[in-house]
Amino acid sequence: MTAAVLSARPGAALSGTVKVPGDKSISHRSLILGAMASGRTTITGLLEGDDVLATAKAMQAFGAVVTRTGEGAWTVDGRGGLCEPDDVIDCGNAGTGVRLIMGAAAGYAITATFTGDASLKKRPMGRVLEPLGLMGATWLSREGGRLPLTLRGGGLAGIDYVLPMASAQVKSAVLLAGLKAEGPVTVVEPEPTRDHTERMLRAFGASLTVSDHNDRRVITLQPGARLTASPVDVPGDPSSAAFPIVAALITPGSEVTITGVMLNPLRTGLFDTLREMGADLTISNRRDASGEEVGDITARYSRLKGVVVPPGRAPSMIDEYPILAVAAAFADGETVMRGVGEMRVKESDRIALMAAGLEACGVDVEEEPEGFIVRGTGEPPRGGALVETHGDHRIAMSHLVLGLAAGAAVQVDEPGMIATSFPDFAPMMRRLGGCIEEA
Ligand code: S3P
């Protein structure tokens, strides 16, 4: 049974070397592309979190044979396309899972019904349904484009689509649908977002070009590619590495190394920001894993100072603002985080929940419609609160990290949701010397 509450209390310095789980974005994509391709895709280092397991189950329902062969080791036997599932596809908590699978499914003349948990049912799907509809897919959803919804695909036309927001999920959904479109598909990004779909599509045999025009990134996919299975070695997730890294930076005397972390520049905005705050972060052993650069990151306790985070950096660290806000709470001075309105439509309204949780822990936070400001004193915050996470894994992990170095223990509710992205989080933090226990 999952604990009702998890508690992190201040303790000794953290030390040791650990590996974080496989990257969530690449894990979802490896299963989806594997199912769409012909042949056997072998995957190593797959994140075995609930979000990705839901995608594995979904790909099975769409006709692929998905097999676990060992820890993080999976094979996907794809049929070179998706078949109509005979039941509802439940993507659990996973926005990435459902949006990418809808894009993939839209290319085929099949009907599929999607649902998810309470959080996913509140999240906007219109951002994906709109371009898929312009390409020729049809759908029926709950009010406001919410799940559950039924999508009918097939016979898609090409499209030239300017993304209304910086979203790798929407870009990826359009590109995956475009694989079966009759003409080329072009997606224009207001700001570059994570490019795992582009890199992996190429590895699986698709033909696409990427160019930059007037600060906008333009991606064009040529139709008619037949995807062929390709091995995927999933690198460590920088979004998960962020938690032990910030824990080491704020806990006096700590030194922690995380091995095999993906260093794709469209994902490393947090590390740049932490360095600007004065963090002692070093990267060694840079190498390649399936077309992505990885390295080992060492973080040592540092006295941090507040910074203004450039809004243009948001897409490269959109999931990391909650843990950055924790680092900011220990820093001396103001940390200004703006241009992050997208945080409000993640697994929870992350601006509101971080503001509420940090304030409950004695931190001075100012909320804005599209951002927030954290004012640190350079001293550890008071802590000593029970934080409501609304079932958001990153809100839970962020406040637990805060509790490791605050004045008093911090508790979080619904800790079971941490398993969506980082099932080993609490045991790993304990291996590093952190006191995180069921309360
Ligand atoms: C993801 C894209 C981001 C991110 C999510 C994973 C992806 O979402 O927040 O956790 O794998 O494409 P948006 O595309 O909504 O920004």
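Order of appearance sets the numbers: ligands from 1, and atoms from 1 within every ligand. Counting from 1, the numbers follow the sequence of the chain as shown. These figures come from a predicted structure and were not determined experimentally.
Under the 30°/60° scheme for interplanar angles, the aromatic rings of Phe243 and Phe425 are found to stand perpendicular.
Interface atoms of ligand 1 facing Thr96, defined by a heavy-atom separation under 4.0 Å, are 1 (C), 5 (C), 6 (C), 7 (C), 11 (O). Annotation for ligand 1: atoms under 4.0 Å from non-hydrogen atoms of Ile318 are 9 (O).
Close N/O approach between Leu100 and ligand 1 is not found [any backbone or side-chain N/O within under 3.5 Å]. Looking at Ser25 next to ligand 1, an N or O pair under 3.5 Å apart turns up. For a threshold of 3.5 Å applied to N or O pairs, the pair formed by Ser172 and ligand 1 contains no separation below that value.
Distance from atom 12 (O) of ligand 1 to its nearest protein heavy atom, with residue and atom name: Arg29 NH2, 2.7 Å. The protein heavy atom nearest to atom 4 (C) of ligand 1 is Asp319 OD2, 3.3 Å. Scanning the protein for heavy atoms near atom 8 (O) of ligand 1, the closest one is Lys346 NZ, 3.0 Å.
Using a 4.5 Å heavy-atom cutoff, the side chains of Asn264 and Glu293 are not in contact.
Looking at Arg344, its side chain does come within 3.5 Å of a backbone N or O of Pro369 through a donor-acceptor pair. A donor-acceptor pair under 3.5 Å is formed between the side chain of Arg146 and the backbone N or O of Lys122. Although no hydrogens or angles enter the test, the distance criterion places a donor-acceptor pair under 3.5 Å between the side chain of Ser167 and the main chain of Val170.
Under 4.0 Å from ligand 1, the heavy atoms of Arg194 that appear belong solely to its side chain.
Ion pair Asp296/Arg287 flagged as a salt bridge, since at least one NZ, NE, NH1 or NH2 atom sits closer than 4.0 Å to an Asp/Glu carboxylate oxygen. Under 4.0 Å is where a charged nitrogen must lie from a carboxylate oxygen, and between Glu370 and Arg338 no such pair does.
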